[in-house]
Amino acid sequence: MTNTEVPLESKAIVHGTFRGYKSSLLRFLAWLQSEKLYPSGPELPAVADGKYAPRLGNGAKQKPFANLTRARRGNRWRKAEPYTLKEAELNATLLKQLEVGPRELTEKNFNLTRLQKFAKKTTDWLPDYGLRYFLTAKEVSKRQDLPLRAVTFRTRRGDILRFLGWLKQYKGFPLEDLCLELMADRDLLEEFVCWGINERRNTYAWAGQYAAASLIIAKWLHHKRSKKLKYEDVTAITTLRDYGRDLDLKRKIEGTNIEAEKEEKFLTFAECEQLVAYLKQCCAPRRKYYRENGSCRGTAGRSDRAIISAWQHYLIVAILVYCGIRQREIRELELGKTLFREADGYWVKQAPEDHKIGSKTGEGKEFQLPEHLTEDLDEWFKVWRPKMSIQGHNQVFALVGSRAHPEAMGKPFTESLLGNFVTHRVYKATSFLFQEPKRVNPHFFRNLVITHQRMHGDPSQKEPLATMMGQSVATADKTYNLMTRRDRTAKARNWWKLPS
C-alpha cells in the first residue's frame with residue numbers, strides 16, 4: 001500500500017479536498033487531449049467524399065454507440081410514473097372550462113362550494129367563457145394582462161393536466177369531480193409542490209411553473225370582481241401571487257441545476273463543430289459494411305427515410321450550434337413565412353408572435369443562417385424534403401416516422417418529439433466521437449453558444465448575438481454563461497503587458 005492510499009482508506013481526505021484533486025486531474029486530462037498524446041475519438045476525413053456515410057459502429061473492432069434509452073434505464077427521469085391526466089379522462093365540465101368561447105359557461109359549470117369562501121352572495125362575476133379564450137383572445141373585458149401566445153397556453157394546459165392527474169392518482173379524486181377551481185386552491189397547490197420537491201426531487205423552478213398556472217386560473221375565475229390594478233383587491237388572486245413570489249425567492253437561493261448537468265452535457269465549440277461535421281457525413285446515400293478485421297466486405301444504398309432523418313439531424317443541430325435559437329423557432333420554421341431564400345443565403349424573419357421575447361417587446365427579429373449551410377439547405381428543399389409526405393403543414397422539418405410507425409412520416413414535430421430527436425442522436429454520435437457520450441438537449445446549445453462567445457468572441461457581438469437568440473445580454477450572462485471562476489479571470493492574466 002502506498003502512502004497516497006492510506007488517507008483514502010482511512011477516509012482522512014475531506015470531500016472538498018477530493019473535489020480539488022478531481023479538478024486538477026480533469027485539467028491534466030484536458031491538457032493531454034490538447035497535446036494529442038492520446039486520441040479523443042475517431043478521426044474524420046477533412047473532406048468527405050459524400051458518397052459513403054462514416055463507419056457507424058458495426059463490427060467487432062469498432063467502438064459501439066451508446067444508446068440514451070438504455071443509459072436511462074433504471075434511473076428516475078421525467079417520464080417515470082407518469083401522472084398526467086389523459087385527454088380521454090377530461091369530464092364534460094372540465095373540457096368546457098378549458099375550451100369554450102363566450103356565453104357558453106353558466107354557474108352550473110363551476111364548483112360553487114370551492115368558490116364560496118371568496119364570494120358567498122352572488123355568482124354574476126363568474127366568467128361565461130373558458131380559460132383558453134380568457135388567456136388568448138386579443139381583448140377580454142376586465143382582463144389586466146396581455147394575451148398569451150397559443151404555444152404558452154399549451155404549456156400551461158399541460159401543467160394543469162399534470163396537477164389534476166396528481167389529484168386523481170395520488171389523492172383519489174374521482175374523474176367526475178375534477179375541475180379548474182381545484183388548482184386555484186392554495187392548500188392543494190402547496191401539497192402538490194411539497195410532494196414534487198420532496199418525493200420526485202423536482203426543483204423550485206419546477207414548482208414555479210405550477211404556481212403560475214394556478215395564478216392564471218384564479219385570474220380567470222375572479223377577474224370580474226376586481227376594481228384595482230393587478231387585482232390587488234381579490235384575495236383569491238393575491239394569495240397565489242404571494243405564494244409564487246415565495247417559490248421564486250427559493251428558486252433564486254437554490255440556483256439552477258445547470259452546473260450539476262454540465263459534466264454530462266458540456267461540449268467545447270470545437271467538439272460541436274466536429275459533431276456537425278460527423279452528422280453531415282451521415283447524410284451520404286450509401287454505407288460500407290466491414291469484416292471483423294476492418295476490411296470492407298461490401299456496400300449498400302441507404303433508404304430514403306434513413307437519409308432524410310440524417311439530413312434533419314445535421315441541419316437542426318447545425319442551426320442550434322451556430323444560432324443558439326430556441327427549438328420552438330426551429331420547429332416552426334416555414335419557407336416563405338419565417339424562412340426566406342435570398343441572393344446571399346437563407347434569412348429568418350420573425351414577427352413578434354413568432355419568438356418568445358417578441359410577445360413582451362412587440363418586436364420581431366431577422367437574422368441570417370450561416371452562409372456555409374446555404375447549399376445544404378438548397379439540397380434539402382430541392383431533393384429530400386419533397387420525398388416526405390408532409391401532412392397538413394408547411395414546416396421546414398417534420399417527423400420521419402419509423403418501421404413500426406411509417407404513418408408518422410411528415411407530421412409536424414412537437415416540443416418533446418423534437419427534443420428527443422436531437423438529444424438521442426447527439427448522445428449516440430458523441431459516444432462514438434468522444435471519450436464519453438453527452439446528453440445535450442436542444443436548449444442546452446444556448447449555454448454552449450454563450451459560453452464560447454464570452455470566452456473567445458468579440459465583446460461587440462454580445463448584444464447582436466443576444467438579439468438573434470431572443471434574450472437580453474443580462475439574461476445571457478446570468479442564465480446561459482457556464483464559464484468557471486477561473487475562466488472569468490483568464491483574460492486578466494498579464495494585463496499589464498502591452499500587445500506586441
Side-chain angles (χ1 to χ4, degrees), residues 149-152 154 272-273 275-276 279-280 282-283 304 307-400 408-419 421-422 425-426 441-443 445-446 448-449 461 464-471:
R149 294 171 299 148
V151 66
T152 305
R154 286 198 298 271
C272 287
E273 293 198 300
L275 169 65
V276 171
L279 293 177
K280 182 176 181 179
C282 289
C283 298
D304 283 348
I307 299 172
I308 290 169
S309 182
W311 270 99
Q312 293 202 122
H313 281 129
Y314 158 57
L315 290 171
I316 291 171
V317 171
I319 294 171
L320 289 169
V321 166
Y322 292 112
C323 301
I325 58 177
R326 291 178 173 86
Q327 69 124 302
R328 174 211 164 192
E329 297 175 49
I330 295 177
R331 198 170 69 243
E332 297 179 359
L333 278 179
E334 290 189 44
L335 190 63
K337 181 180 179 181
T338 55
L339 183 65
F340 298 85
R341 177 65 161 96
E342 298 188 1
D344 57 349
Y346 285 87
W347 283 80
V348 177
K349 301 180 182 181
Q350 296 172 320
E353 62 270 16
D354 294 327
H355 67 106
K356 183 176 181 180
I357 301 302
S359 61
K360 298 179 181 178
T361 64
E363 297 180 358
K365 62 176 181 175
E366 294 186 21
F367 59 91
Q368 187 178 17
L369 294 182
E371 292 180 60
H372 64 269
L373 296 181
T374 300
E375 290 185 7
D376 295 329
L377 283 165
D378 283 343
E379 181 171 350
W380 168 248
F381 284 117
K382 292 176 182 178
V383 179
W384 298 108
R385 189 179 180 278
K387 293 178 181 288
M388 302 180 76
S389 302
I390 300 298
Q391 301 184 37
H393 66 90
N394 196 34
Q395 270 90 6
V396 172
F397 304 111
L399 295 174
V400 296
M409 168 74 83
K411 290 183 178 179
F413 274 112
T414 63
E415 180 180 1
S416 61
L417 290 175
L418 182 61
F421 186 73
V422 171
R425 184 56 179 166
V426 171
N441 61 308
H443 200 74
F445 279 100
R446 295 169 68 81
L448 302 181
V449 168
Q461 294 176 329
L465 179 61
T467 300
M468 180 176 71
M469 295 175 64
Q471 63 197 12

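All values reported here derive from a predicted model rather than from experimental measurement.
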**Request:** Give, for atom CD of Glu332 and atom CG of Asn394, the distance between the pair rounded to the nearest 0.5 Å.
**Result:**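 Reported value, rounded in 0.5 Å steps: 13.0 Å.
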**Fill in**
Between Met409 and Met388, the two heavy atoms sitting closest are SD-CE, 3.8 Å
**Prompt:** Taking atom OG1 of Thr338 and atom NZ of Lys349, what is their separation to the nearest 0.5 Å?
**Reply:** 11.5 Å
**Asked** Has the side chain of Lys365 got a donor or acceptor atom that lies under 3.5 Å from a matching backbone atom of Met468?
**Response** yes
**Fill in**
Heavy atoms of Trp311 and Asp376 approach each other most closely as CZ3-O, 3.4 Å
**Request:** May I ask you to decide if Trp384's main-chain N or O and Glu379's side chain share a donor-acceptor pair within less than 3.5 Å?
**Result:**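 No, because the side chain of Glu379 does not come within donor-acceptor range (under 3.5 Å) of the backbone of Trp384.
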**Complete:** Of all heavy-atom pairs linking Glu273 and Tyr322, the shortest is OE2-OH, 3.0 Å
**Request:** Of all the heavy-atom pairs spanning Gly362 and Pro352, show the shortest one and how long it is.
**Result:**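 Reported closest heavy-atom pair: O-CG, 3.3 Å.
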**Prompt:** Hey, does the side chain of Trp380 reach the backbone of Phe397 with a donor-acceptor pair shorter than 3.5 angstrom?
**Reply:** no
**Prompt:** Testing Val317, Ile325, Leu315, Val396 for side-chain contact (heavy atoms from CB on, under 4.5 Å) with Ile330, which one passes?
**Reply:** Ile325
**Asked** Would Asp354 and Lys337 pass as an ion pair if we require N to O under 4.0 Å?
**Response** no
**Asked** Which pair of non-hydrogen atoms, one from His393 and one from Ile390, has the smallest distance, and what is that distance?
**Response** O-CG2, 3.0 Å
**Asked** Quick one: are Leu339 and Trp347 in side-chain contact, heavy atoms under 4.5 Å?
**Response** no
**Item:** Full working for side-chain contact (heavy atoms from CB on, under 4.5 Å) between Gln327 and Phe445
**Value:** CA-CA 10 Å; Gln327 69 124 302; Phe445 279 100; over 6 Å; no
**Asked** Would a 4.5 Å heavy-atom cut-off, applied to side chains only, mark Gln471 and Arg446 as touching?
**Response** yes
**Message:** Taking CD in Glu342 as the centre, count heavy atoms belonging to other residues, nucleotides or ligands within less than 6.0 Å. Is the count above 12?
**Reply:** yes
**Prompt:** Measuring from Leu418:CG to Asn441:CG, what's the distance to the nearest 0.5 Å?
**Reply:** 11.0 Å
**Item:** Distance in Å, Ile319 CD1 paired with Leu373 CG, rounded so as to fall on 0.5 Å steps
**Value:**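 Atom-to-atom, Ile319:CD1 and Leu373:CG are 6.5 Å apart.
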**Side chain His355, main chain Met469, donor-acceptor under 3.5 Å** =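 Side chain of His355 to backbone of Met469, a donor-acceptor pair under 3.5 Å: no, none is there.
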**Request:** Could you tell me the separation between the CZ atom of Arg331 and the CD atom of Glu415, rounded to the nearest 0.5 Å?
**Result:**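 These two atoms lie 5.5 Å from each other.
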**Prompt:** Ignoring hydrogens and geometry, is there a side-chain-to-backbone donor-acceptor pair from Gln368 to Asp344 under 3.5 Å?
**Reply:** yes
**Request:** Working to the nearest 0.5 Å, report the span between CD1 of Ile357 and CZ of Arg326.
**Result:** 5.0 Å
**Asked** Got a donor-acceptor contact below 3.5 angstrom from the His313 side chain to the Phe421 backbone?
**Response**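 Yes; at least one donor-acceptor contact below 3.5 Å.
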**Asked** Are side-chain heavy atoms of Leu377 and Arg341 found at a separation under 4.5 Å?
**Response**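 Leu377 does not reach Arg341 side chain to side chain.
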**Request:** Find out whether Arg425 and Leu279 are in side-chain contact, i.e. whether some heavy atom of one side chain is under 4.5 Å from a heavy atom of the other.
**Result:** yes
**Request:** Work out which heavy atom in Cys323 is nearest to a heavy atom in Leu369; give both atom names and the distance.
**Result:** SG-CD2, 3.8 Å
